[in-house]
Amino acid sequence: MRQSQLFTKTRKEAPKDEVSKNAQLLIRAGYVYKEMAGVYVYLPLGLRVLNKVIAIIRDEMNGIGGQEIVLSALQQKETWEPTNQWSDKEVDVWFKTELKNGTELGLAVTHEAALTKMMKDFISSYRHLPSYAYQFQTKFRNETRAKSGIMRCREFIMKDLYSFSKDQAEHDMFYEKAKQAYVRIFKRIGLGDQTYVTFASGGMFSKFSHEFQTVTDAGEDVIYVSEKKGIAINKEVLTPELLIELGIDKEDLIEKKAVEVGNIFNLATRFSSALDLTYVNESGEKVPVVMGSYGIGPGRVMGAVVECLSDEKGIVWPESIAPFQVHLISLGKEGSVATKKAEELYKTFTDTGVEVLFDDRDVRPGEKFADSDLIGIPMRLVISDKTCAEGKVEVKYRKTGEVLFIEDSKILSVIKK
RNA sequence: CGGGGUAUAGUGUAACGGCUAGCAUUCGUGCUUUGGGAGCAUGCGAUCUGGGUUCGAAUCCCAGUACCCCGACCA
């Protein structure tokens, strides 16, 4: 993509009412636009990152047998009444609306009830289980206080997978597989080092759930990390008994602030019982399906990456989710050798499938460099009269600052696809 | 939902109750310039909304709205 065609532009200063680092940088660099508190628009650059995060999650969900669907954002009152969750007392983050005829509707806070209800049409025998469905869908939550930029929103995309198993043993096996898939997701996204599988409150159906907590001061949760074990415990469930059970010394725990980027938990038969999702087992008995829920917020993940990996100059994207692989910067004047070469290189990249943002704007070098640092694409290539004279291209890595001069003919070989 | 704060061009800011609401940046135009947000000239662009006090309100008071922060909440 040509930067001259990109309708967004960078800013030197962030809006004064954005305090969080993620929102400041994402707005300054032109990734997101704030529509209102807790509601952000994803701009061309931001959508590319979001889609890459989504692609990684999708790949891992498909890898454990997930089947992608899209449920509706508008939900019926009847869907939530069996579990008593239509009540504003039970679920206090509802956005509700109604049809012209007065029928009450809700904007989806989450989807377990809707999917459970739907699955009644498809699950009736043990032969139909286990089954796993997931989606990327917009959730609406009427938070009393949106905060932390794109990390706590009133409208946000969430990946939610729901598992349908014959019994607890089958559920437990999948639960473990899903946990490992989550570990891989955060590793691939570039947050592996600072993200911990965290023991958290399991609600009323199991002792614990597992949260994936990314350590950052921008987070709202307090966790206790055991570096030795590579796991963490949410403050809300930390007890001496648990430490014994996990074989952790209290001295090994370090208190840290963290943001919950994923959560997986056992739903047991809460929804299947309430909504009558049952199947007939081999003995001919009708029994409720055992369910699990597995969530990740791609937008929140994106915010966490910015919080964790940016520096004083701007964002530093991991290669796996950067909006582009390469930031090609031409410093040549119109009609110069450098400009011609940059154009040729741009064509080579686009022809060979290299994702490239081409800064072909007629602005001064300093501005291009500053923008490049702010936008945070992992590899920067500079073409100037100087580099052309040597038959080379300057390569600079955003993360390390390392600079290389590569011969023209070898450029494609240093770019990872 | 409780508490606190803020509201002036696209953005960041200044202005004792009193002069044509100033500065920077952005944006437009022209010239110049081209390896870390250059320079000169010139132009466009603002007091959140509604009441009140006052001879006079960006400034004081009340209400509303929006946003931010702390806490609660996050099924």
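Letters go in sequence order (proteins before strands), and every chain restarts at 1.
Summarising the base pairing, B:G12 is matched to B:C23 through a Watson-Crick or G-U wobble pair whose two defining distances lie under 3.5 Å. Judged by Watson-Crick or G-U wobble contacts below 3.5 Å, the nucleotide B:C40 has B:G30 as its partner. Pairing partner, B:U65: B:A7, with both Watson-Crick or wobble hydrogen-bond distances short of 3.5 Å. Using Watson-Crick or G-U wobble geometry with both donor-acceptor distances under 3.5 Å, B:G17 finds no partner in any strand shown.
Regarding A:Asn142, its CG atom lies at a distance of 12 Å from the C1' atom of B:C1, rounded to whole Å. For the pair A:Phe156 CZ and B:C74 C1', the interatomic distance rounds to 10 Å; values are reported in whole Å. Between the NZ atom of A:Lys9 and the C1' atom of B:U25 there is a distance of 10 Å, given to the nearest Å. Atom pair A:Asp88:CG and B:C73:P shows a separation of 18 Å (rounding to whole Å applied). Distance, A:Arg141 CZ to B:A75 P: 7 Å, rounded to whole Å. Distance, A:Asp371 CG to B:G35 C1': 15 Å, rounded to whole Å. Atom pair A:Glu35:CD and B:A66:P shows a separation of 13 Å (rounding to whole Å applied). Rounded to whole angstrom, the span from the CG atom of A:Asp385 across to the C1' atom of B:U34 amounts to 10 Å.
Nearest nucleotide to the side chain of A:Lys12, out of B:C74, B:G35, B:U25: B:U25. In the set B:G37, B:A72, B:G35, the nucleotide with an atom closest to the side chain of A:Arg152 is B:A72. Checked against B:G37, B:A75, B:U34, the side chain of A:Arg270 finds its nearest nucleotide in B:A75. Nearest nucleotide to the side chain of A:Val382, out of B:U34, B:G35, B:A75: B:G35. For A:Lys396, the side-chain atoms get nearest to B:G36 when compared with the rest of B:U11, B:G35, B:G36. With distances taken from any side-chain atom of A:Glu13 to the nucleotides B:G35, B:A75, B:U11, the minimum falls on B:U11.
B:C73 and B:U13 are spaced 33 Å apart, taking the P atom of each and rounding to whole Å. Spacing between B:U53 and B:A63 at atom C1', rounded to whole Å, works out to 15 Å. A gap of 9 Å separates the P atoms of B:U47 and B:G10, to the nearest Å. Nucleotides B:G18 and B:G56, compared at atom P, are 14 Å apart to the nearest Å. One C1' atom belongs to B:C44, the other to B:U32, and the distance between them is 23 Å to the nearest Å. Nucleotides B:C48 and B:G43 are separated by 28 Å at their C1' atoms, to the nearest Å. B:C69 and B:U29 are spaced 38 Å apart, taking the P atom of each and rounding to whole Å. Comparing the C1' positions of B:G17 and B:U54 gives an interatomic distance of 9 Å, to the nearest angstrom.
Contact annotation for A:Thr10: base contact, defined as any heavy-atom pair under 4.0 Å involving a base atom. When heavy atoms are screened at a 4.0 angstrom cut-off, A:Ser336 is found touching no nucleic acid atom at all. Using a 4.0 Å heavy-atom cutoff across all strands shown, A:Glu260 reaches no nucleic acid atom at all.
In this structure, A:Pro44 and A:Thr8 approach most closely via the heavy-atom pair CD-CG2, 4.0 Å.
A:Tyr196 places no side-chain N or O within 3.5 Å of a backbone atom of A:Val215 that could act as its donor or acceptor partner.
Residue order along RNA chain B, read from the 5' end via each residue's closest nucleotide, puts A:Ala14 first among A:Ala14 and A:Thr387.
Between A:Phe140 and A:Phe95, the ring-plane angle classifies as perpendicular under the 30° and 60° cut-offs. Between A:Trp94 and A:Trp86, the ring-plane angle classifies as tilted under the 30° and 60° cut-offs.
One finds the CG atom of A:Asp360 at 9.5 Å from the OG1 atom of A:Thr339 (value rounded to the nearest 0.5 Å).
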Atom pairs under 3.5 Å, N or O on each side, protein against nucleotides 68-70 of chain B: can you list them with distances?
residue: B:C68; atom: OP1; partner: A:Lys34; partner atom: NZ; Å: 2.8
residue: B:C70; atom: OP2; partner: A:Arg145; partner atom: NH2; Å: 2.3

Kindly determine whether A:His210 and A:Phe199 satisfy ring-ring contact (aromatic ring centres under 6.0 Å, His included), including the steps that lead there. CA-CA 5 Å; A:His210 290 92; A:Phe199 286 79; 5.0 Å; yes
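Judged purely by distance below 3.5 Å, without hydrogens or angles, the side chains of A:Thr269 and A:Ser272 never pair a donor atom with an acceptor atom.
Salt-bridge annotation for A:Glu355 and A:Arg48: present, with a side-chain N of the basic residue lying under 4.0 Å from a carboxylate O of the acidic one. Using a cut-off of 4.0 Å between Lys/Arg side-chain N and Asp/Glu carboxylate O, A:Asp311 and A:Arg398 are scored as salt-bridged. Between A:Glu260 and A:Arg300, no side-chain nitrogen of the basic residue sits less than 4.0 Å from a carboxylate oxygen of the acidic one, so the salt-bridge criterion is not met.
For a distance-only test at 3.5 Å, the side chain of A:Glu367 fails to qualify as a donor-acceptor partner of the base of B:G36. Between the side chain of A:Thr144 and the base of B:A72, at least one donor-acceptor pair of N or O atoms lies under 3.5 Å.
The side chain of A:Arg364 places an N or O atom within less than 4.0 Å of a non-bridging phosphate oxygen (OP1 or OP2) of B:A38.
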